[in-house]
Amino acid sequence: MGWKAVCDVERLTPNRGVAALFGEQQVAIFKVAGADEVLAIDNMCPFSGAAVMSRGIVGSVGETVTVASPVYKQRFDLRTGACLDDPNVRLATFAARVVDGRVEVDV
């Protein structure tokens with residue numbers, strides 16, 4: 001599909017997620033506090049099957065920025081999608097950027 005605009009970056013609260021829908025694909029988008037970085041992952045929790053990752057709890061493990069599923073609390077690396085609690089599970093990640101103050105996701 002290519003790069004799609006989501007919202008003004010000012011509308012994102014640091015360390016809080018928002019969900020965006022592109023066709024059938026739900027994407028969770030996060031602005032990381034203290035960094036000039038926007039990250040995007042699949043919004044679907046692979047453990048619960050619910051579209052809730054945008055409501056997850058942002059944190060860190062060492063230098064790894066994480067989000068914990070609000071359902072069963074598994075932690076995922078926001079940059080790679082890897083599950084820190086189960087190495088066999090991974091979320092899809094999407095390239096994200098800010099262009100002229102607008103958040104864009106490559107879906």
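Values below: all heavy atoms of this structure, side chains included; hydrogens, waters and symmetry mates excluded.
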Heavy-atom pair of closest approach, residues [X] and [Y]:
X	Y	answer
Glu104	Val99	OE1-CG2, 3.6 Å
Ala96	Ala40	CB-CB, 4.2 Å
Glu37	Leu39	OE2-CD2, 3.5 Å
Phe22	Val27	CD1-CG2, 3.9 Å

For the hydrophobic clusters of this structure (ILVMFWY residues joined by side-chain heavy atoms under 4.5 Å, transitively), does one cluster hold both [X] and [Y]?
X	Y	value
Leu91	Val105	no
Leu84	Tyr72	no
Val52	Ile41	yes
Val71	Val89	yes
Val18	Phe30	no

Step by step, would you call Ile29 with Val103 a side chain to side chain contact (heavy atoms under 4.5 Å, CB included)? CA-CA 9 Å; Ile29 303 159; Val103 176; 4.2 Å; yes
Looking at [atom1] of [X] and [atom2] of [Y], how far apart are the two atoms once the value is rounded to the nearest 0.5 Å?
X	Y	atom1	atom2	value
Thr66	Gln74	OG1	CD	12.5 Å
Arg97	Arg102	CZ	CZ	12.5 Å
Cys45	Arg55	SG	CZ	13.5 Å
Thr64	Phe76	OG1	CZ	14.0 Å
Gln25	Asn43	CD	CG	9.0 Å
Arg75	Ser69	CZ	OG	12.5 Å

Test side chain to side chain contact (heavy atoms under 4.5 Å, CB included) on Val6 and Lys4 and set out the steps. CA-CA 6 Å; Val6 178; Lys4 302 292 181 189; 5.8 Å; no
Quick one: does Asp8's side chain have a donor or acceptor within less than 3.5 Å of a partner on Arg11's backbone?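 No; judged by distance alone, with no hydrogens or angles, the pair does not exist.
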Polar side-chain atom of Asp86 near backbone of Asn88 as donor-acceptor pair, under 3.5 Å: yes
Could you check if a side-chain atom of Val32 sits within less than 4.5 angstrom of a side-chain atom of Pro14, using non-hydrogen atoms only? no
Begin from the C-alpha positions of Met53 and Gln26 and carry the test side chain to side chain contact (heavy atoms under 4.5 Å, CB included) through to its verdict. CA-CA 10 Å; Met53 294 308 296; Gln26 289 191 37; over 6 Å; no
